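Because the structure is predicted, anything quoted here is derived from the model rather than measured. What's counted below: heavy atoms across the whole structure, side chains too, no hydrogens, waters or symmetry copies. Order of the sequence lines sets the chain letters (A, B, ...), proteins ahead of strands, with each chain counted from 1.
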Amino acid sequence: MGGFIAKESEKFERFSDWFDNVLLTARIADNRYPVKGFIVYLENGWFVIERVRRRLEELLEEDGHLPMYYPLVATLENFSREAEHIKGFMGEVFAVGKLRTGENEAQQETPLILRPTSETIMYPMFALWISNHSDLPLKVHQSCAVYRYETKATRALYRVREIPWNEAHTAHASRGEAEEQVRKAVEIYRKVLDELGIAYLILRRPDFDKFAGAEYSIAFDAWNPDGKVNQVATVHNLGTNFSRVFGIVFEKREGGKEYAWQLCYGFGYSRVLAAVIAQHGDDLGPIFPPWVAPIQIVVVPIPYKGREAEVYEYAKRVYGLLRPGFRVRLDDREDVTPGEKYYYWERRGVPLRVEVGPRDVEKSAVVLARRDTGEKFSVPIEMLREEVAKVLEDIARSLSERSKRRLSEQIVDAPSLEEGARNVELGKICRVSWCGSEECALSLKSSLGAEVRGYRYDVDEKSDRPCIVCGSPGKTYLYVSRAY
RNA sequence: GGGGCCGUGGUCGAGCAUGGUCUAAGAUGCCUGGCUUGGGCCCAGGAGGUCGUGGGUUCAAAUCCCACCGGCCCCA
């Protein structure tokens, strides 16, 4: 009763081809839409995003974030208020205006811009709503799409021009309160990603790579089979940089006025979906963690000549038993062989298969087959529901563990620049000792040929080695890797 | 920002060098029927292509030239 042996050579060796293929055959996304950087999310991809969205929003709202929806467009004037912000984004904004329909129609008005992120759309409103300490904290969130005119090569889900995400924005009465919110935001994102079994590093970005207009930025970098890390979420402490230019001022309890302390943080749905596919998938296709799987269980009848009726009857019964509580599908197509059905659903990422044939009818049992390991085992029908629940849980757990293991295998300590450069070449995430100076971090970028992703936020990593660049005593470790 | 490669049914892909034999190979996927059914079986039949788009060269363009669109890769 052997299953298959999961292979991942294609995924690791030819990631690009593998990924594009999987998107289409597993009905996740279709990137043939004829506008660069825009894709169609198909039923399975969108299902996963919707599940993740609901869970994230639930956690945000438990923490007091109010759901709102802000306009897609902004005036160029508002967008330009914060100097660093506009510097960081100006090169990639979409402009919109009325389509000129006639030759002699007057020159069009100053174009509006499509949000590349919503600070400059939300904060003028914050200024209207916040006037005193009792108006704080203000926490809002929205799930929407933002638009960034990427000029580099785009890639479905990873680097797109229409980015589905959730963005949260908060305003607080003190620096300390804002700092506390940074920790809460990190916890919320961590929770969702952990539930998906995604393995990542939480890194504080070097100053030269922080969000345009932020005091500092924290990012979640997920590993990817091609060695380029995938930034799936970020948390930014804005300090009072934006409240100063948008006039978000509150009257303090003890009198006097103060600029509000602000945060913004974003969680990229399409990149999280990419991480789920890329980290958990194998050469056959994706393996969806059960709680986000569009179909969790597929029931495949194995009819034999002369015994079709009883097998189909039994399969229906099994299906009926699983229906309440599970997203289950009965594949009773009669002109397709069971083996073909196995492949069909495996390619679509269904985490668990239930096989029922004449042998099972006789024994009042079923065979469960795990998508992640290929393992098969027989379960008596009285135990069906509990066993299925247990196995699904175990699949989630083992996907998560396997992914964490992969991440730690991908991180390599580099004692020298040469070693580091070589490992970058091999698609590793290099951990290097660092003295803490901006110059040294900046120079790593060119000497290793990769992005400096920052140092650990959640773990205090003390370095006892000299800085890899300047040789002076190291303070902590920097992570350097190619990136999306 | 700089450089290179590529675009042929849904998907992959032969053909392009040396224009004509292309009424465009093959595979896979899809549809019909039969056979089979504990891992993609087999047999028979079928649908599906303005050769990315526009222009040019030519008696003749999938093939040569230009522009645009789209995709991939490398370097900053």
Side-chain angles (χ1 to χ4, degrees), chain A residues 1-7 10 13-40 42 90-92 149-161 226-228 282-285 298-312 314-315 318 331-348 350 353-363 365-371 373-379 421 424-425 427 442-452 482-484:
Chain A
M1 212 187 265
F4 63 89
I5 295 164
K7 289 207 319 214
E10 168 109 10
E13 283 153 32
R14 297 191 302 141
F15 178 74
S16 248
D17 292 340
W18 174 83
F19 189 73
D20 285 348
N21 228 319
V22 167
L23 289 188
L24 206 53
T25 51
R27 308 261 331 147
I28 291 162
D30 195 326
N31 60 13
R32 292 171 299 178
Y33 189 73
V35 182
K36 182 184 171 71
F38 290 80
I39 62 170
V40 177
L42 302 177
M90 205 45 178
E92 48 184 68
Y149 201 105
E150 291 287 351
T151 50
K152 295 171 197 249
T154 56
R155 145 109 62 214
L157 301 186
Y158 287 91
R159 188 178 285 131
V160 283
R161 286 173 161 182
D226 62 0
K228 293 181 173 181
D282 62 17
D283 280 358
L284 284 168
V298 62
V299 178
V300 178
I302 299 150
Y304 268 86
K305 211 175 169 58
R307 303 187 62 179
E308 293 93 341
E310 55 178 314
V311 169
Y312 283 120
Y314 189 69
V318 169
D331 188 350
D332 55 3
R333 289 176 293 171
E334 294 188 17
D335 49 354
V336 183
T337 62
E340 203 174 332
K341 291 177 184 178
Y342 299 167
Y343 279 97
Y344 183 90
W345 295 109
E346 279 158 4
R347 278 193 307 236
R348 280 158 183 74
V350 177
R353 179 176 70 240
V354 178
E355 304 173 8
V356 295
R359 295 206 291 263
D360 305 293
V361 179
E362 283 155 23
K363 286 173 21 194
V366 302
V367 170
L368 301 188
R370 289 176 60 142
R371 170 70 178 84
T373 58
E375 205 183 332
K376 289 189 181 192
F377 43 90
S378 182
V379 167
V424 161
E425 201 62 40
L442 207 47
S443 86
L444 274 174
K445 196 175 161 149
S446 48
S447 53
L448 295 188
E451 303 296 321
V452 178
R482 287 181 174 156
Y484 273 102

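- One distance of note links CZ of R371(A) with CZ of R348(A); it measures 11.5 Å at 0.5 Å rounding.
- The distance between atom CD of E334(A) and atom C1' of rG33(B), rounded to the nearest whole Å, is 15 Å.
- Note on R155(A): a side-chain N or O is less than 4.0 Å away from OP1 or OP2 of rC73(B).
- If T151(A) and Y33(A) are placed on RNA chain B by their nearest nucleotide, the residue sitting closer to the 5' end is T151(A).
- Rounded to whole Å, the distance from CZ on R482(A) to P on rC73(B) is 12 Å.
- Closest contact between the side chain of E308(A) and the listed nucleotides rU37(B), rG71(B), rU11(B) involves rU37(B).
- Summarising the geometry, the separation between CG on L42(A) and C1' on rG10(B) is reported as 13 Å, rounded to the nearest angstrom.
- Closest of all the heavy-atom pairs between V336(A) and K341(A) is O-CE, 3.5 Å.
- The nucleotide rG19(B) finds no pairing partner, because no Watson-Crick or G-U wobble arrangement with both distances shorter than 3.5 Å includes it.
- Environment of OH in Y149(A): sparse, with no more than 12 heavy atoms of neighbouring residues, nucleotides or ligands closer than 6.0 Å.
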Could you check K228(A) against E451(A) for side chain to side chain contact (heavy atoms under 4.5 Å, CB included), going step by step and ending with a plain yes or no?
CA-CA 10 Å; K228(A) 293 181 173 181; E451(A) 303 296 321; over 6 Å; no
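- Using a 4.0 Å heavy-atom cutoff across all strands shown, D360(A) reaches at least one base atom of the nucleic acid.
- If you take atom C1' in rG20(B) and the same atom in rU32(B), they sit 39 Å apart, rounded to whole Å.
- For the pair F19(A) CZ and rU11(B) C1', the computed distance is 17 Å after rounding to whole Å.
- Counting any heavy atom pair closer than 4.0 Å across all strands shown, K305(A) reaches sugar-phosphate atoms only and no base atom.
- Of the nucleotides present, none pairs with rC35(B) by Watson-Crick or G-U wobble criteria with both distances under 3.5 Å.
- When Watson-Crick and G-U wobble pairs are counted only if both distances are under 3.5 Å, rA62(B) pairs with no nucleotide at all.
- Within 4.0 Å (heavy atoms only), G37(A) reaches sugar-phosphate atoms of the nucleic acid but no base atom.
- The nucleotide whose nearest atom lies closest to any side-chain atom of I302(A) is, among rC75(B), rU37(B), rU11(B), rU37(B).
- In the set rC72(B), rG71(B), rG39(B), the nucleotide with an atom closest to the side chain of K36(A) is rG71(B).
- Residue L23(A) contributes atom CG, which lies 14 Å from atom P of rG71(B) at whole-angstrom precision.
- rC12(B) atom P lies 13 Å from atom CD of E10(A), rounded to whole Å.
- Nucleotide rG13(B) holds its P atom 8 Å from the CG atom of D17(A), rounded to whole Å.
- Taken to the nearest 0.5 Å, the OG1 atom of T25(A) stands 10.5 Å off from the CZ atom of R27(A).
- Pair assignment for rG49(B) gives none, since no Watson-Crick or G-U wobble pairing has each distance under 3.5 Å.
- The separation of rG4(B) from rG19(B), taken at their C1' atoms, amounts to 27 Å, rounded to a whole angstrom.
- A gap of 24 Å separates the P atoms of rC59(B) and rC16(B), to the nearest Å.
- The nucleotide rC69(B) finds its pairing partner in rG7(B), both defining distances of the Watson-Crick or G-U wobble pair being shorter than 3.5 Å.
- Distance, D332(A) CG to rU37(B) P: 19 Å, rounded to whole Å.
- Surrounding OH of Y33(A) are at most 12 heavy atoms belonging to other residues, nucleotides or ligands under 6.0 Å away.
- Residue R32(A) places at least one side-chain N or O under 4.0 Å from the OP1 or OP2 atom of rU11(B).
- Crowding of K445(A) atom NZ: a count of heavy atoms from other residues, nucleotides or ligands under 6.0 Å not exceeding 12.
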Under 4.0 Å protein heavy-atom contacts per nucleotide of nucleotides 40-48 of chain B, with B for base, S for backbone only and - for none:
BB-------
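- Distance check: K376(A) NZ to E355(A) CD gives 3.5 Å after rounding to the nearest 0.5 Å.
- The listed nucleotides are rC75(B), rG38(B), rG39(B); the one nearest the side chain of R359(A) is rG38(B).
- Comparing rA67(B) with rG29(B), their P atoms are spaced 41 Å from each other, to the whole Å.
- Separating the C1' atom of rA25(B) from that of rC31(B) is a span of 23 Å, rounded to the nearest Å.
- Here, rG2(B) and rC22(B) have their C1' atoms 40 Å apart, quoted to the whole Å.
- Residue order along RNA chain B, read from the 5' end via each residue's closest nucleotide, puts V366(A) first among E425(A) and V366(A).
- Applying the side-chain hydrogen bond (donor to acceptor under 3.5 Å, both in side chains) rule to D226(A) yields the partners N224(A), Y484(A); only residues at least two apart in sequence or on another chain are considered.
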Run the numbers on E340(A) and R333(A) for salt bridge (charged side-chain N to carboxylate O under 4.0 Å, His left out), then give the verdict.
CA-CA 11 Å; E340(A) 203 174 332; R333(A) 289 176 293 171; over 6 Å; no
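- Within the 4.0 Å cut-off from OP1 or OP2 of rU11(B), not a single side-chain nitrogen or oxygen of T25(A) is found.
- Within the 4.0 angstrom heavy-atom criterion, no nucleotide atom of any strand lies near R307(A).
- Below the 3.5 angstrom threshold, one finds no donor paired with an acceptor across the side chain of E355(A) and the base of rG39(B).
- S446(A) comes within contact range of no nucleotide atom at all, as no heavy-atom separation falls under 4.0 Å.
- Distance check on atom C1': rA47(B) versus rG10(B) gives 12 Å, rounded to whole Å.
- Separation of the C1' atoms belonging to rU53(B) and rG1(B) is 27 Å when rounded to the nearest angstrom.
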